[in-house]
Participant: 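Once you've had a glance at the structure underneath, I'll fire off some questions.
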Amino acid sequence: MTHRTIPIVPVHNRPAEDKIQVRSISGVFTRWRWAMVWVTQLAYYGLPWLSWNHRQAILFDLQADRFFLFGAVLYPQDLIYLTGLLVLSALLLFFATTLAGRVWCGFVCPQTVYTELFQWIERRMEGDRQARLRLDRSPWTAEKVARRGGKHLAWALLALWTGFTLVGYFTPIRELALAVPYQLGLWESFWIGFYGLATYGNAGFLRESVCLHMCPYGRFQGSLMDQHTLNVAYDHRRGEPRRASTEKDTRNNSDGHCIDCTLCVQVCPTGIDIRHGLQAACIGCGLCIDACNQVMDKIQAPRGLIRMASLVELEGGTSAPGVFLKRFWRPRVLVYGTLLLIAAGAVTTAFLSRDDLRLNVVRDRSVMARTVDRGAVENAYTLLLMNATDRVQSLSVAIDPASGVHLIDPPAIVLQPAQATTLTVTARMSHEMAAMRAGEIIDIHFQVSDPDHGSSQRVRERSTFIVPR
Ligand code: SF4
Ligand code: SF4
């Protein structure tokens with residue numbers, strides 16, 4: 001069988017204007033979804049409150065151009081690691097999608113996670129699906145106002161807390177908390193409000209519309225999958241023709257196992273009917289699997305009428321070991337897997353071997369070179385030194401003597417933890433050497449060392465020294 005991409009049919013069982021009222025369900029996939037909500041949200045809401053060496057453990061201090069990541073101190077020059085991380089994340093997403101469909105969408109995507117949280121609040125305030133449908137149709141009574149108002153108030157508080165937490169990654173969160181609400185700065189107020197409003201709108205109202213109409217990943221997911229990719233799928237061979245009754249003994253019944261109860265549709269967060277095949281709107285959450293398994297238990301039929309299965313398994317009705325292994329032994333899995341390992345190795349190695357000290361050298365452009373003192377030549381430079389550690393660094397600066405250039409009054413610098421400083425230095429070439437090399441542009445290397453920590457702390461930066469004619 002060739003490795004063609006799998007067909008994804010458009011959504012065709014629900015008018016776009018229908019409001020979806022999702023029915024709650026329990027089961028393995030529901031538990032996994034909630035586990036991921038807990039993991040991701042404990043991390044998101046909790047991490048900015050962690051301390052490390054008497055400062056916030058994770059802080060992107062844009063005003064000071066410094067990023068703190070536990071023990072690591074990063075500067076804007078280190079954005080290359082962020083680029084590497086984004087590449088790594090994209091490859092991980094491709095790899096996971098090729099193997100198991102839209103697991104990201106169904107379990108970890110912020111749109112899914114916040115929609116789940118907002119729906120949980122909705123259920124607490126307005127009841128489950130039937131109660132909400134009744135409430136939708138009922139006139140505006142005091143009870144309806146109280147329930148709706150309570151829901152929106154709880155949504156707004158959660159959304160504002162989400163916005164506050166986001167800003168807490170960029171402004172020390174404890175200071176931010178003390179400034180709420182009257183001493184907040186303009187930008188902090190704007191971003192808390194903006195992100196809060198985005199969360200409120202996306203998770204409270206737009207919900208599946210984001211997945212259906214806005215998310216670019218949902219558009220090209222089909223090209224990442226093939227007929228060996230695991231997806232949430234309805235087993236037509238077992239389910240059809242649908243039976244009209246819910247009689248329990250299925251063994252003597254020639255009809256399929258689907259009793260057309262539509263429970264799988266009622267629990268679907270995007271409101272689709274998985275029995276029409278894999279659809280662009282399916283986010284792979286598996287809730288329809290939980291729902292259908294409950295129905296199969298009730299009619300005493302085997303579970304798995306809707307299950308995680310590849311097209312090959314569904315068409316051939318087999319789960320033989322060869323089919324299972326083939327899932328991993330596919331060019332796209334091997335390519336994404338290899339690229340993922342290479343990228344993970346490269347990013348990890350580069351990050352762990354980064355310098356503890358950064359040095360930028362800029363030649364003084366206003367005074368190219370000046371001749372002083374019986375023909376000696378001087379050039380001026382501005383050095384930017386950045387301490388990328390949580391400890392004090394005592395530094396000495398020099399120029400590699402092999403170039404015949406030396407520093408006048410080599411500075412001794414004490415850099416506090418995570419501190420950056422600029423200083424101007426002057427390099428000189430003796431008049432004898434300047435006479436021999438008149439008119440040349442000479443390569444020189446600045447060297448900064450931290451004598452307290454041995455030569456491994458030395459950083460070198462290339463520059464040039466101009467000798468006038
Ligand atoms: S939940 Fe199962 S039995 Fe009920 S309609 Fe869906 S596929 Fe058929
Ligand atoms: S069809 Fe099933 S897996 Fe897909 S979004 Fe709906 S409930 Fe989730």
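Index from 1, following the sequence. Both counts, for ligands and for their atoms, begin at 1 and track the order of listing.
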Participant: Got the closest protein heavy atom to atom 3 (S) of ligand 1, with its distance?
Facilitator: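 Protein heavy atom at minimum distance: I259 N, 3.5 Å.
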Participant: Taking non-hydrogen atoms only, is D260 closer than 4.0 angstrom to ligand 1 via side chain, backbone, both or neither?
Facilitator: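 The answer is the backbone.
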Participant: Show all protein N/O/S atoms under 2.8 Å from atom 8 (Fe) of ligand 2, or state that there are none.
Facilitator: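 Metal shell, protein only: C285 SG.
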Participant: Can you confirm whether or not the ring centre of W155 sits under 6.0 Å from the ring centre of F205?
Facilitator: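 Under 6.0 Å, so yes.
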Participant: Which of the atoms in ligand 1, numbered in the order shown and given with their element, are less than 4.0 Å from a heavy-atom of C258?
Facilitator: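 By the 4.0 Å cutoff, the relevant atoms are 3 (S), 5 (S), 7 (S), 8 (Fe).
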Participant: Can you list every salt bridge (charged side-chain N to carboxylate O under 4.0 Å, His left out) pair that touches residues 52-76, not counting sequence neighbours?
Facilitator: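 Sorted pair list: R55-D390.
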Participant: So, using ring-ring contact (aromatic ring centres under 6.0 Å, His included) as the criterion, who are the partners of Y114 when residues are at least two apart?
Facilitator: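 Residues passing ring-ring contact (aromatic ring centres under 6.0 Å, His included) with Y114: none at all.
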Participant: Side chain, backbone, both or neither: which applies to R242 and ligand 1 if a contact is any heavy-atom pair less than 4.0 Å apart?
Facilitator: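 Neither part.
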Participant: Indicate yes or no for a side-chain donor-acceptor contact from T98 to the backbone of R332 under 3.5 Å, with no hydrogens or angles considered.
Facilitator: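 No, because the side chain of T98 does not come within donor-acceptor range (under 3.5 Å) of the backbone of R332.
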Participant: Going by the atom numbers of ligand 1, which of them fall below 4.0 Å from some non-hydrogen atom of C264?
Facilitator: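 Answer for ligand 1: 1 (S), 5 (S), 6 (Fe), 7 (S).
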Participant: In ligand 1, which numbered atoms sit nearer than 4.0 Å to a non-hydrogen atom of C292?
Facilitator: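 Selected atoms, number and element: 1 (S), 2 (Fe), 7 (S).
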Participant: State the atoms of ligand 1, each with its element, that fall below the 4.0 Å cut-off from a heavy-atom position in I306.
Facilitator: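 Heavy-atom distances to I306 below 4.0 Å select 7 (S).
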Participant: Any side-chain hydrogen bond (donor to acceptor under 3.5 Å, both in side chains) pairs touching residues 71-90, not counting sequence neighbours?
Facilitator: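 Sorted result for residues 71-90: D78-R358.
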Participant: Does R31 come within less than 4.0 Å of D290, counting only side-chain N to carboxylate O?
Facilitator: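 Between D290 and R31 there is no salt bridge, as every charged N stays at least 4.0 Å from the carboxylate O atoms.
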Participant: Could you check atom 4 (Fe) of ligand 1 against the protein and tell me its nearest heavy-atom contact, residue, atom and distance included?
Facilitator: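 I find the closest protein heavy atom is C261 SG, 2.3 Å.
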Participant: Which atoms form the tightest heavy-atom contact between V22 and P269, and what is the distance?
Facilitator: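 That closest heavy-atom pairing would be CG2-CA, 3.8 Å.
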Participant: Using 30° and 60° as the class boundaries, would you call the ring planes of F70 and W52 parallel, tilted or perpendicular?
Facilitator: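 The arrangement is perpendicular - the two ring planes meet at more than 60°.
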Participant: Taking the side chain from R303 and the backbone from D297, do they hold a donor-acceptor pair closer than 3.5 Å?
Facilitator: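 Checking the backbone N and O of D297 against the side chain of R303, no donor-acceptor pair under 3.5 Å is found.
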Participant: Quickly, which of K144, R134, R148 forms a salt bridge (charged side-chain N to carboxylate O under 4.0 Å, His left out) with E126? Name it, please.
Facilitator: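 Testing E126 for a salt bridge (charged side-chain N to carboxylate O under 4.0 Å, His left out) against K144, R134, R148 leaves exactly one candidate, R148.
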